[in-house]
Amino acid sequence: MTTALLIATGIILIVAVLALVYRIINLVGIAKEDSNKVTFSNKINGALFPILLVVGLGLIYWSYNDASQYFLPEAASIHGKETDALFNITLGVVFAAFVVTHLLLFTFPFFFQYSEKRKADFYPHNDKLEIAWTAVPAIVMAVLVIFGWRAWADITAPASDSALQVELMGKQFAWEIRYPGKDLKLGKYDVANIDNTNSMGIDFDDVNANDDFMAREIVLPVGKEVELKIRAIDVIHSVFLPHFRVKMDAVPGMPTRFKFTPSITTSEMRTKTNNPKFNYELACTEVCGYGHFGMRRIVKIVSQAEYDEWLMKQKSWLEKNPDYMATWEAKKAEKDAVAQAR
């Protein structure tokens, strides 16, 4: 970092010195009252353009190379690889256009700097040229948008019947995680059922909810399609699984969803990144309050056998809260009594 600052300071000093020389030469020309004659400052001015081009491209390369240490590792989901490919293609197209236009902008002033032996042509209009530089970018952008739209339509399409369903609920300031039980179906919920024990408002009138269980971490089998059912109960949160290229808002009163298929286990990614402490994570990317930083959960991607073993150890919510059904029935009876009284 110190070396980079020294280089940047040196470049700024060189530019300042060249600007000063240029100013002095202009003042000398004015003093000699010979303003019609091309001075040496014209050549300096022309030479500065390609120099600034080389310096600018060099700084871009340095910035990209320095920032690369913070880049995410390869995508750990099937659709994530497609998303990365679209991003890289778009970045390549934009960068190529950037380089070409700046090569022209910064080399023309050098090659076509003022000369007493040349006279500029007046070229005010060309229909074919204007059509070309309008149509080509429009076609390229349309192709990129179409491929992006197709990828998004595929990602947000309904999940298959065999997909593993996992429910995530955001609240200030934690994530609640619910899995279906042996029936592989998540039961219904109702925010009116939320109390000090039933934090997700599970509706136990729905038989599918009786074997649902809650987990402290997200464990998923590799190669299995997963459908995240997302909701929030207070403010807007955002489900962000960066290594799988998943990001979807959690909005109160408006359930959202996202499907993806993990393709690299946690242990495989630890080997790829040469980091034995690597973990996938779920984070919130909405600034949802003072405890926003605490909305983080570990995500474990394991083999199918490891997942089955983990699943066997889980107990349903009702097994962990055996007395709750009595409370549930009492509340239900109270509601029925109130309804009949009306």
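Closest non-hydrogen pair, Ala151 versus Glu82, comes out as CB-OE2, 3.7 Å. Considering all non-hydrogen atoms of both residues, Asn193 and Tyr324 come closest at O-OH, 4.0 Å. The shortest heavy-atom contact between Ser303 and Thr265 is N-CG2, 4.4 Å. The nearest pair of heavy atoms linking Met214 to Glu176 is CE-OE1, 3.0 Å. Across every non-hydrogen atom of Cys288 and Met295, the tightest pair is SG-SD, 3.6 Å. Here the closest heavy-atom approach between residue His292 and residue Phe173 is recorded as N-CD2, 3.5 Å.
Using a distance-only test at 3.5 Å, with no hydrogens or angles considered, no donor-acceptor pair links the side chain of Ser63 to the main chain of Leu59. With Ser77 contributing its side chain and Phe244 its backbone, the two residues share a donor-acceptor pair below 3.5 Å. No donor-acceptor distance shorter than 3.5 angstrom exists from the side chain of Asp206 to the backbone of Ala209, with no hydrogens or angles considered. For the pair Asn65 (side chain) and Tyr61 (backbone), a donor-acceptor distance under 3.5 Å is absent. Looking at Lys229, its side chain never comes within 3.5 Å of a backbone N or O of Val166 through a donor-acceptor pair. With hydrogens and angles disregarded, no donor-acceptor distance shorter than 3.5 Å links the side chain of Arg216 to the backbone of Arg297. With hydrogens and angles ignored, the 3.5 Å screen pairs no side-chain donor or acceptor of Asn208 with any backbone N or O of Leu186. The main-chain N or O of Ser160 is found under 3.5 Å from a side-chain atom of Glu225 such that the two form a donor-acceptor pair. Asp234 places a side-chain N or O within donor-acceptor distance of the main-chain N or O of Gln172, the cut-off being under 3.5 Å. With Asp211 contributing its side chain and Ser316 its backbone, the two residues share no donor-acceptor pair below 3.5 Å.
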Quiz item: How far apart are the C-alpha atoms of Ile218 and Lys300, what are their side-chain angles, what is the distance that settles it, and do they pass the side chain to side chain contact (heavy atoms under 4.5 Å, CB included) test?
Solution: CA-CA 6 Å; Ile218 302 174; Lys300 290 183 178 178; over 6 Å; no
Quiz item: Can Lys259 and Glu227 be said to form a salt bridge (Lys or Arg N to Asp or Glu O under 4.0 Å), step by step?
Solution: CA-CA 4 Å; Lys259 68 170 183 176; Glu227 182 180 32; over 6 Å; no
Quiz item: Yes or no on side-chain hydrogen bond (donor to acceptor under 3.5 Å, both in side chains) for Trp328 and Asp205, after CA distance, side-chain angles and deciding distance?
Solution: CA-CA 9 Å; Trp328 177 267; Asp205 286 340; 3.1 Å; yes
Exercise. Decide yes or no on ring-ring contact (aromatic ring centres under 6.0 Å, His included) for Trp317 and Phe213, but give the supporting numbers first.
Key: CA-CA 5 Å; Trp317 192 91; Phe213 66 90; over 10 Å; no
Practice problem: Take Tyr179 and Trp310, measure what ring-ring contact (aromatic ring centres under 6.0 Å, His included) needs, and give me the verdict at the end. | Solution: CA-CA 12 Å; Tyr179 279 77; Trp310 174 81; 5.2 Å; yes
Quiz item: Run the side chain to side chain contact (heavy atoms under 4.5 Å, CB included) check on Arg296 and Ile298 step by step: do they pass?
Solution: CA-CA 7 Å; Arg296 179 176 182 267; Ile298 298 297; 3.9 Å; yes
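Exactly one of Phe110, Phe108, Tyr114 qualifies for a side chain to side chain contact (heavy atoms under 4.5 Å, CB included) with Phe112. That residue is Phe108.
For Met325, the CE atom sits in a packed shell: over 12 heavy atoms of surrounding residues, nucleotides or ligands are nearer than 6.0 Å. Within a 6.0 Å radius of CZ in Arg118, other residues, nucleotides and ligands contribute more than 12 heavy atoms. Few gaps surround OH on Tyr307; more than 12 heavy atoms of other groups in view lie less than 6.0 Å from it. Atom CD of Glu130 has more than 12 neighbouring heavy atoms from other residues, nucleotides or ligands inside a 6.0 Å radius. With a 6.0 Å radius and a threshold of 12 heavy atoms from other residues, nucleotides or ligands, Lys247 has its NZ atom above the threshold. Around NZ of Lys185, the count of heavy atoms belonging to other residues, nucleotides or ligands within 6.0 Å does not exceed 12. Counting non-hydrogen atoms of other residues, nucleotides and ligands closer than 6.0 Å to CG of Asn274 gives a total of 12 or fewer. Surrounding CD of Glu74 are more than 12 heavy atoms belonging to other residues, nucleotides or ligands, all under 6.0 Å away.
Counting heavy atoms from C-beta outward, Gln165 and Leu228 have side chains that stay 4.5 Å or more apart. Val54 places none of its side-chain heavy atoms less than 4.5 Å from the side chain of Leu52. Residues Thr107 and Phe49 have side chains not in contact (no heavy-atom distance under 4.5 Å, counting atoms from C-beta outward). Using a 4.5 Å heavy-atom threshold, the side chains of Asn198 and Thr327 count as separate. The closest side-chain heavy-atom distance from Val226 to Thr261 is not below 4.5 Å. Residues Arg231 and Val251 are not in side-chain contact: their nearest non-hydrogen atoms beyond the backbone lie 4.5 Å or more apart. In this structure, the side chains of Leu241 and Phe260 come closer than 4.5 Å at one or more pairs of heavy atoms. Residues Thr266 and Arg270 are in side-chain contact: their nearest non-hydrogen atoms beyond the backbone lie under 4.5 Å apart.
A distance of 12.0 Å separates CG of Leu13 from CG of Leu20, quoted to the nearest 0.5 Å. Note: Leu282 CG to Phe240 CZ = 10.5 Å, rounded to the nearest 0.5 Å. Remark: Ile78 CD1 to Thr83 OG1 distance equals 12.0 Å, nearest 0.5 Å. Taking CD from Glu286 and CD1 from Ile236, the interatomic distance works out to 6.0 Å, rounded to the nearest 0.5 Å. Here the straight-line distance linking atom CZ of Phe87 with atom CG of Leu144 works out to 12.5 Å at 0.5 Å rounding. Here Lys182 contributes atom NZ and Gln314 contributes atom CD; the two are 12.5 Å apart, rounded to the nearest 0.5 Å.
Between Tyr64 and Phe71, the ring planes lie perpendicular to each other; the angle is over 60°, past the 30° to 60° tilted range. The aromatic rings of His243 and Phe278 lie perpendicular to each other, with more than 60° between the two planes, well past the 30° mark. The aromatic rings of His79 and Phe258 sit tilted, their planes meeting at an angle between 30° and 60°. Ring geometry, Phe98 versus Phe95: the interplanar angle falls under 30°, so the pair is classed parallel (tilted spans 30 to 60°).
Taking the ring centre of Tyr189 as origin, the terminal cationic atom of Arg178 falls outside the region bounded by 6.0 Å and 45° from the ring axis.
Counted by atom type alone, Ser238 and Asp249 present one or more donor-acceptor pairs between their side chains at under 3.5 Å. For Thr271 and Glu268, the side-chain atoms include no donor-acceptor pair closer than 3.5 Å.
Tracing side-chain contacts under 4.5 Å through hydrophobic residues (I, L, V, M, F, W, Y), one reaches Val55 starting from Ile7; they form part of the same cluster. In the hydrophobic cluster analysis, where Ile, Leu, Val, Met, Phe, Trp and Tyr join through side-chain heavy atoms closer than 4.5 angstrom, Val219 is grouped together with Leu164. Residues Met169 and Leu220 are members of separate hydrophobic clusters, defined by side-chain heavy-atom contacts under 4.5 angstrom among Ile, Leu, Val, Met, Phe, Trp and Tyr. Put simply, Trp175 and Ile202 are part of two different groups of oily side chains (I, L, V, M, F, W, Y) that touch within less than 4.5 Å, one to the next.
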